[in-house]
Enquirer: 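Let me give you the structure first, and then I'll get to my questions.
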Amino acid sequence: MANLIELAKQQIEALLEGACVCAAASGALPSADKPDGAVEIPKTDANGDFAATHALGGARAMKMNPRKIAEALIAGLDLSGSYFSACEAAGPGFMNFTLSDKWYAAVLDAIEAEGERYGESDIGGGERVMVEFVSANPTGPMTIGNARGGVLGDTLAAVLGKTGHNVWREFYVNDAGNQVELFGQSIEARYLQICLGEDAVTFPENGYHGDDIRALARLIYERDGDKYVETDPVTRRNAFTAFALPHNIALMKEHLERYRIYYDRFFLESELHESGAVAETVQLLTDNGYTYEQDGAVWLKNTDFGADKDEVLQRSNGFYTYYAVDIAYHRNKFIGRGFDRVIDVLGADHHGHAIRFKATMTAPALGIGDKTLDFVIMQMVRLVRDGETVKVSKRTGKALTLNDLLDEISVDACRFFFNAKPDTHLEFDLGLAVRQDSENPVYYVQYAHARICSLISALAEDGYAVPSAKDIDVAVLKEAPERDVLKQLSMLPEELRLAARDYDPSRINRYVIELAARFHRFYNACRIKGEADDVLKARLKLADSVRIVLKNSLDILGVSAPEKM
RNA sequence: GCGCCAAUAGCUCAGUAGGAUAGAGCAACUGCCUUCUAAGCAGUAGGUCAGGGGUUCGAAUCCCUUUUGGCGUGCCA
């Protein structure tokens, strides 16, 4: 559970505290109070391994030149036994620290000791977090947008799990309501067209035009023939959706598993209706004076909670809206099941809902209290083919489905590619994506892993096993490429912490690319086979540590780490 | 109209709880395999960080404003 970045920063703060006391005692500084400042990792190595800005921060209060403050502090520093071998003043007043062998050795120790758990931390404190993601309508196949939401939600859940949260993955199935009604009507129309001819039935205006609807109708017809032609429409549609929904849900589950996404639960909307939770929730809101009636519908006074508009909870025809159901669902998450934090991953086309819904959930009577509801809004995926944007629509059935995509592109490439920063638009080039070559950074990373595995087995044939950290001298790893690898290895716990804090698991993609790049550089610059014994062992240990960290990172991303390529 | 997200190299993108000379991949050009995997490495070239103000020792990063693009603003979900 060691975060060497964190430890180094903490140690610098402690060292500076001592330096302040020392500098004040000698009269070099007017005060023994440590000025405000931060410890950062400089962009260029020329500025040391860590840089402290305290002297810059203290300039105003101490009425001194920051450079002079830095020099006074450095004079009072006692680095003996620390993670640092040197510190010098630079620029306007930065204090640049150089890491010592003790720190580098600690990195290798931590990786060896923690193995496949290296990178993990307990900062989440066991908080119970639900991540709800994809939640695609079961009225049709999942699309390329779901491909993005899928990896985002799944890797976010993985990141939260690695940082000490108790994570639950959930898929919310809209198996009730208007869309399902329309779904039933669409299948009905296709079914009757099969039985009575294409022109005998008009297709519902807002119906689902996809081929999958025709296929469902065909399945029903093959099973039951034309026996539903004479059935009354309501019974008929109920029979159709009773068949089609479980069929589609099973299919979604299958495709998600192909994508290496496994849920703790598929939560059915219909359960909320059947249990009376929706009616109960609307009643609760009404009892607390949060609602009013207008035009025969029940409205929620959402503007009272800071939203820009009110919402209909119950339509004039008596049906509850998705909004009422969603409130009931979130009460179920927080109160019914006791989650401390709920994260909903949504597409940008729902961001308006997210803002208004967050306002709603602050309503005191709902009893959410200080529990957290967060939304991760991901921007749309723009499909590009031959440089032109491809328009897709689920309604008209022209969307590229997740399953089609996985037929063309490896799961590894897909998961790596779609795990982009949530708040930027993602351009997906169909021409590029089908190419399984070096264009895709996933191969670059996997290649590094395969290279190391091959290297280790080659050395094993020469009689060299990967040594234990205590049996190598880290001091021989003194070349810049070696140090760069060690530093990057140390970053994984910190990257995970930041990825969890910012809900941005794509940090791990960037991390792992950089680690692979540093390894490839090291590999080209430093030979292992044929070197002196101590150098060979130390480098072999370094390479093996990279292997472990690459594997751990790729596991989080749900990408395989091949031993041969 | 109002609201949310964005705009960084020719293309795709990093970099934002303010730090030192703004980075990478692709594309272009030059090199590196009789030695551990060349799906790799080294190097060259490429920038008014959309425009304009402001805050300060310091701004791609924070604030204001303009422009451009995506999305939202349903008794759909």
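Residue numbering restarts at 1 for every chain, and letters A, B, ... go by the order of the sequence lines. The analysis underlying the following values was restricted to heavy atoms, covering all of them including side chains, and did not include hydrogens, waters or symmetry mates. Please read these numbers as outputs of a predicted model, since none were measured by experiment.
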Enquirer: Identify which nucleotide among B:rC5, B:rC75, B:rC36 has an atom closest to any side-chain atom of A:Q379, counting heavy atoms from C-beta outward.
Expert: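 Selected nucleotide (nearest to the side chain): B:rC5.
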Enquirer: Quick one: classify the glycosidic conformation of B:rC29 as syn or anti, with syn meaning within 90° of 0.
Expert: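 Base orientation: anti.
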Enquirer: So what's B:rA27 paired with, Watson-Crick or G-U wobble, going by both distances under 3.5 Å?
Expert: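 Result: none.
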Enquirer: Mind checking who B:rA9 pairs with, Watson-Crick or G-U wobble, both distances under 3.5 Å?
Expert: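 Across all strands, not a single nucleotide pairs with B:rA9.
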Enquirer: Would you say A:D212's side chain and A:G140's backbone share a donor-acceptor pair under 3.5 angstrom?
Expert: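 No, A:D212 side chain to A:G140 backbone: no donor-acceptor pair under 3.5 Å.
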Enquirer: List in chain and number order the residues that pass side chain to side chain contact (heavy atoms under 4.5 Å, CB included) with A:N174, two or more places apart in sequence or in another chain; answer none if no residue qualifies.
Expert: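 Residues passing side chain to side chain contact (heavy atoms under 4.5 Å, CB included) with A:N174: A:N137, A:P138, A:Y172, A:E269.
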Enquirer: Verify, without hydrogens or angle tests, whether A:R415 (side chain) and A:L557 (backbone) share a donor-acceptor contact under 3.5 angstrom.
Expert: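 Answer holds: yes.
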Enquirer: Using a 3.5 Å cut-off and no angle test, enumerate the donor-acceptor pairs between side-chain atoms of residues 449-461 of chain A and protein atoms at least two apart in sequence or in another chain.
Expert:
residue: A:H449; atom: ND1; partner: A:A561; partner atom: O; Å: 3.4
residue: A:H449; atom: ND1; partner: A:P562; partner atom: O; Å: 2.9
residue: A:R451; atom: NH1; partner: A:H520; partner atom: ND1; Å: 3.0
residue: A:S457; atom: OG; partner: A:C453; partner atom: O; Å: 3.4
residue: A:S457; atom: OG; partner: A:S454; partner atom: O; Å: 3.0

Enquirer: For A:S553, what residues pass the side chain to side chain donor-acceptor pair (under 3.5 Å) criterion, not counting sequence neighbours?
Expert: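 Once residues adjacent in sequence are excluded, A:S553 has no partner under the side chain to side chain donor-acceptor pair (under 3.5 Å) criterion.
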Enquirer: Using the side-chain heavy atoms of A:I528, tell me which of these nucleotides is nearest: B:rC41, B:rC36, B:rG72.
Expert: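 Per side-chain heavy atoms of A:I528, the pick is B:rC36.
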Enquirer: With distance as the sole criterion, do the side chain of A:Y443 and the base of B:rA39 form a donor-acceptor contact below 3.5 Å?
Expert: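 There is none.
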Enquirer: Tell me yes or no: between the side chains of A:N509 and A:S506, is some donor less than 3.5 Å from an acceptor?
Expert: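 The criterion, which ignores hydrogens and geometry beyond distance, is not satisfied for A:S506 and A:N509.
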Enquirer: Could you check which of B:rG72, B:rC76, B:rA38 has an atom nearest any side-chain atom of A:Q179?
Expert: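 Among the listed nucleotides, the one closest to the side chain of A:Q179 is B:rC76.
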Enquirer: Check each of A:I144, A:N146, A:T143 against A:L405 using the side chain to side chain contact (heavy atoms under 4.5 Å, CB included) test, and report the only one that passes.
Expert: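 Testing A:L405 for a side chain to side chain contact (heavy atoms under 4.5 Å, CB included) against A:I144, A:N146, A:T143 leaves exactly one candidate, A:I144.
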Enquirer: Report yes if a side-chain nitrogen or oxygen of A:R451 is closer than 4.0 Å to either non-bridging phosphate oxygen (OP1 or OP2) of B:rG40; otherwise report no.
Expert: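 A:R451 to B:rG40 OP1/OP2: no side-chain N or O under 4.0 Å.
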Enquirer: Across all strands shown, which nucleotide pairs with B:rG19 by Watson-Crick or G-U wobble geometry, both distances under 3.5 Å?
Expert: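 With both distances under 3.5 Å, B:rG19 matches B:rC57.
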Enquirer: In the strands shown, is B:rU73 matched to any nucleotide by a Watson-Crick or G-U wobble pair with both distances under 3.5 Å, and which?
Expert: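 Check on B:rU73: paired to B:rG1, both distances under 3.5 Å.
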Enquirer: Taking the six-membered ring for Trp, are A:F203 and A:H209 parallel (under 30°), tilted (30 to 60°) or perpendicular (over 60°)?
Expert: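 A:F203 vs A:H209 ring planes: tilted.
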Enquirer: Among B:rG40, B:rC75, B:rG70, which nucleotide has an atom closest to any side-chain atom of A:M380?
Expert: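 Of all the options, the side chain of A:M380 is nearest to B:rG70.
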Enquirer: Would you tabulate the nitrogen or oxygen pairs shorter than 3.5 Å linking the protein to nucleotides 1-3 of chain B?
Expert:
residue: B:rG3; atom: N2; partner: A:H351; partner atom: NE2; Å: 2.5

Enquirer: Has the side chain of A:T321 got a donor or acceptor that lies under 3.5 Å from a partner of the other kind on the base of B:rC75?
Expert: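 In this structure, the two groups form no donor-acceptor pair.
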Enquirer: Determine whether any donor atom in the side chain of A:H350 lies under 3.5 Å from an acceptor atom in the base of B:rA77, or the reverse, and answer yes or no.
Expert: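 Checked by distance alone, the answer is yes.
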Enquirer: So which nucleotide does B:rG40 pair with, by the Watson-Crick or G-U wobble rule with both distances under 3.5 Å?
Expert: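 Pairing partner: B:rC32.
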Enquirer: Out of B:rG40, B:rA39, B:rC75, which has the shortest distance to the side chain of A:N524?
Expert: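 So the side chain of A:N524 is nearest to B:rG40.
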Enquirer: With the sugar-phosphate defined as primed atoms, P, OP1 and OP2, and the base as all remaining atoms, what B/S/- string results for nucleotides 12-21 of chain B, 5' to 3', for protein heavy atoms under 4.0 Å?
Expert: SSSSB--BB-
Enquirer: Name all residues meeting the side chain to side chain contact (heavy atoms under 4.5 Å, CB included) criterion together with A:A324; count only those two or more places apart in sequence or in a different chain, and write none if there are none.
Expert: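 For A:A324 the side chain to side chain contact (heavy atoms under 4.5 Å, CB included) partners, ignoring immediate neighbours, are A:V278, A:V282, A:L313, A:Y320, A:T321.
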